[in-house]
Amino acid sequence: MAYKISDDCISCGACAENCPTEAISEGDGVYVIDADKCIDCGACADNCPVDAPKAE
């Protein structure tokens, strides 16, 4: 089950910097997670200051 970044994202980049599979990229105003690359490790959620990444 992949993570998804909610609209709470403040585009700080903390999630992308800590993603071991480089599944996160900057989208239009918020970061997005490529579900095919996400390994459901939770590193993005652990490092997000606003808890934007959520497990689906």
Item to check | Any side-chain heavy-atom pair of Cys19 and Cys44 under 4.5 Å | outcome: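 Side chain of Cys19 against side chain of Cys44, heavy atoms only: no contact under 4.5 Å found.
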Donor-acceptor pairs under 3.5 Å, side chain of residues 8-18 to any protein atom, not counting sequence neighbours: which ones?
unit_1 : atom_1 : unit_2 : atom_2 : d
Asp8   : OD2    : Ser6   : OG     : 3.4
Ser11  : OG     : Gly29  : O      : 2.6
Asn18  : ND2    : Ala14  : O      : 2.7

Checklist entry - Picking from Asp34, Ile39, Asp36, what satisfies side chain to side chain contact (heavy atoms under 4.5 Å, CB included) with Thr21? => result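 Of all the options given, the one that passes is Ile39.
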Next on the checklist: Can you confirm whether more than 12 heavy atoms, excluding those of Asp40, are under 6.0 Å from its CG atom?
Outcome noted: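 Check passes, neighbour count above 12.
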Item to check | Set of side-chain contact (heavy atoms from CB on, under 4.5 Å) partners for Asp51, sequence neighbours left out | outcome: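 Residues passing side-chain contact (heavy atoms from CB on, under 4.5 Å) with Asp51: Lys54.
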Next on the checklist: Starting from Tyr3 and following side-chain heavy-atom contacts under 4.5 Å between hydrophobic residues (I, L, V, M, F, W, Y), which residues can be reached?
Outcome noted: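 Grouped by the 4.5 Å side-chain rule, Ile5, Ile24, Tyr31, Ile33 form the rest of the cluster around Tyr3.
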